[in-house]
Amino acid sequence: MDDVFKALADPSRRALLDGLNSRNGQTLRELCAGLDMARQSVSKHLAVLEAANLVTTVWRGREKLHFLNAEPINAIADRWIDRYHRGRVQALADLKTALEQQPMDEFVYTSYIRTTPEKLWQAITDPAFTARYWEVTFDTDWQPGSTMTWQRHGVVMADPEQVVLEAEPYRRLSYSWHTFTPEFAKSVDLDEELRAQLAAEPRSKVTFDLEPVGDLVKLTVVHDGFAPGSALPGMVSQGWPHLLSDLKTLLETGRTMAETAA
């Protein structure tokens with residue numbers, strides 16, 4: 001947490017975060033264009049933000065894109081804000097809200113989890129784990145090209161286009177997002193007009209990248225492929241931070257946040 005607070009204390013670094021909050025996924029050149037700072041200074045500030053996990057990067061061909069990462073702010077909110085008078089930490093609460101509601105073409109989220117790649121892979125594929133923190137299970141053999149059947153609270157979502165796209169155990173997993181069926185919409189109180197709109201859009205995808213870092217695993221989740229103007233990015237940006245925070249808690253403590261609070 002110390003690295004996060006130190007990173008946020010500098011106005012230039014906050015300006016960089018504001019720039020990414022306005023338009024996520026920028027190159028170093030694009031970030032420099034919006035600030036009255038030398039390229040070297042911007043690079044140094046970005047290095048501090050990356051070290052604090054407030055910024056994460058994804059390569060697209062030869063371009064290195066920078067994304068604002070909500071995980072540290074969510075961690076502060078979950079672990080600290082509720083312990084103190086909210087009036088004194090409203091700035092952090094506002095920043096958390098801004099991070100979760102930022103407009104975007106793709107969702108990128110990075111978390112460092114004290115576990116092993118093998119255990120993390122099991123946690124994102126094994127129904128015994130996914131049912132605990134996600135309340136979702138997958139019926140698939142996790143082979144590229146294989147179909148996936150999603151099940152949530154008794155609702156079954158099956159479709160030929162729900163498939164595993166990539167599967168490299170303990171390193172990378174990618175699959176297409178689920179179908180928005182009427183049964184699913186009813187189970188989550190999703191408006192029928194919005195459901196029909198989402199069902200008609202091209203299918204998005206989610207990718208999990210696992211990278212060992214000492215006794216931690218760096219987990220980067222990218223959800224992309226959204227249709228222009230889709231409501232789905234805003235919807236998943238609300239859900240992913242809480243889901244991944246619960247995944248981290250489960251792997252590091254053996255219990256989900258709900259189980260801990262019970």
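This structure is a prediction, so every number in the text was calculated from the model and none was measured.
Cluster annotation: V188 and Y133 are assigned to the same hydrophobic cluster (Ile/Leu/Val/Met/Phe/Trp/Tyr, side-chain heavy-atom contacts under 4.5 Å, transitive). Each of Y112 and V55 belongs to its own hydrophobic cluster when Ile, Leu, Val, Met, Phe, Trp and Tyr are linked at side-chain heavy-atom distances under 4.5 angstrom. Grouping the Ile, Leu, Val, Met, Phe, Trp and Tyr side chains by contacts below 4.5 angstrom, directly or via other members, places F129 with W134. Side-chain heavy atoms closer than 4.5 Å link hydrophobic residues (I, L, V, M, F, W, Y) into clusters, and following such links, possibly through other members, connects W177 to M235. Under the 4.5 Å side-chain heavy-atom criterion for Ile, Leu, Val, Met, Phe, Trp and Tyr, V48 and L20 are members of distinct hydrophobic clusters.
Within the 4.5 Å cutoff, the side chain of L244 has no heavy atoms near those of the S111 side chain. Annotation: side chain of E106 is in contact with side chain of F67 (closest heavy-atom distance under 4.5 Å). Looking only at side-chain heavy atoms (C-beta outward), V164 and Q143 stay at 4.5 Å or farther from each other. Counting heavy atoms from C-beta on, the side chains of D224 and V108 never come closer than 4.5 Å.
Between the side chain of S146 and the backbone N or O of W142, no donor-acceptor pair lies under 3.5 Å. The main-chain N or O of T27 is found under 3.5 Å from a side-chain atom of E30 such that the two form a donor-acceptor pair. With hydrogens and angles ignored, the 3.5 Å screen pairs no side-chain donor or acceptor of T207 with any backbone N or O of S174. The main-chain N or O of A7 is found under 3.5 Å from a side-chain atom of R13 such that the two form a donor-acceptor pair. Within the 3.5 Å criterion, the main-chain N or O of V136 finds no donor-acceptor partner in the side chain of R152. The closest donor-acceptor contact from the side chain of S245 to the backbone of P241 lies at 3.5 Å or more, if one exists at all. With hydrogens and angles ignored, the 3.5 Å screen pairs no side-chain donor or acceptor of R171 with any backbone N or O of E211.
For the pairing with N69, the side-chain hydrogen bond (donor to acceptor under 3.5 Å, both in side chains) check across N53, N24, T220 returns one residue only, N53.
The two residues T116 and V217 come nearest to each other via the heavy atoms C-CG2, 3.6 Å. In plain terms, the two heavy atoms of V163 and G145 that are nearest each other are CG1-O, 4.1 Å. Heavy-atom minimum distance, S230 versus L198: OG-CD2, 4.0 Å. When all heavy atoms are compared, the tightest approach of L165 to P144 is O-CB, 4.0 Å. Shown here for S187 and V155, the closest heavy-atom pair between the two residues is CB-CG2, 3.8 Å. Nearest heavy-atom pair across Q26 and G19 is NE2-O, 3.1 Å.
To the nearest 0.5 Å, atom CG of residue L251 and atom OG1 of residue T256 are 11.5 Å apart. Atoms CG and NZ, on L250 and K119 in that order, are 11.5 Å from each other to the nearest 0.5 Å. Distance check: E252 CD to T115 OG1 gives 8.0 Å after rounding to the nearest 0.5 Å. The distance from atom OG1 of T181 to atom NZ of K186, rounded to the nearest 0.5 Å, is 11.5 Å. In this structure, CG in D141 is found 10.5 Å from CE in M148, a value given to the nearest 0.5 Å. Taking CG of L54 as the reference point, atom CG of L49 lies at 6.0 Å (rounded to 0.5 Å).
The aromatic rings of Y109 and F107 sit parallel, their planes meeting at an angle under 30°, below the 60° perpendicular limit. Between F138 and W150, the two ring planes are perpendicular [angle over 60°; tilted spans 30° to 60°]. Ring pair W121/Y170 is perpendicular by interplanar angle, where above 60° counts as perpendicular and below 30° as parallel.
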Side chain to side chain contact (heavy atoms under 4.5 Å, CB included) between Q122 and E118: does it pass, once the steps are laid out? CA-CA 6 Å; Q122 183 182 19; E118 292 79 9; over 6 Å; no
Before giving the answer on side chain to side chain contact (heavy atoms under 4.5 Å, CB included), spell out for L120 and L247 the whole-Å C-alpha distance, their side-chain angles and the decisive distance to 0.1 Å. CA-CA 9 Å; L120 180 52; L247 168 62; 4.0 Å; yes
Check step by step if side chain to side chain contact (heavy atoms under 4.5 Å, CB included) holds for V206 and V236. CA-CA 11 Å; V206 62; V236 301; over 6 Å; no
Kindly determine whether F180 and L232 satisfy side chain to side chain contact (heavy atoms under 4.5 Å, CB included), including the steps that lead there. CA-CA 11 Å; F180 289 89; L232 186 56; 3.7 Å; yes
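D36 CG: 12 or fewer foreign heavy atoms inside a 6.0 Å radius. Counting heavy-atom neighbours within 6.0 Å of K218 NZ, excluding the residue itself, gives a total above 12. Surrounding CD of E192 are more than 12 heavy atoms belonging to other residues, nucleotides or ligands, all under 6.0 Å away.
Partners of L28 by side chain to side chain contact (heavy atoms under 4.5 Å, CB included), not counting sequence neighbours, listed by chain and number: C32, R39, V42, S43, L46, H66. Partners of R203 according to the side chain to side chain contact (heavy atoms under 4.5 Å, CB included) rule, which considers only residues two or more places apart in sequence or in another chain, are D159, E161, Q162, S176, T179.
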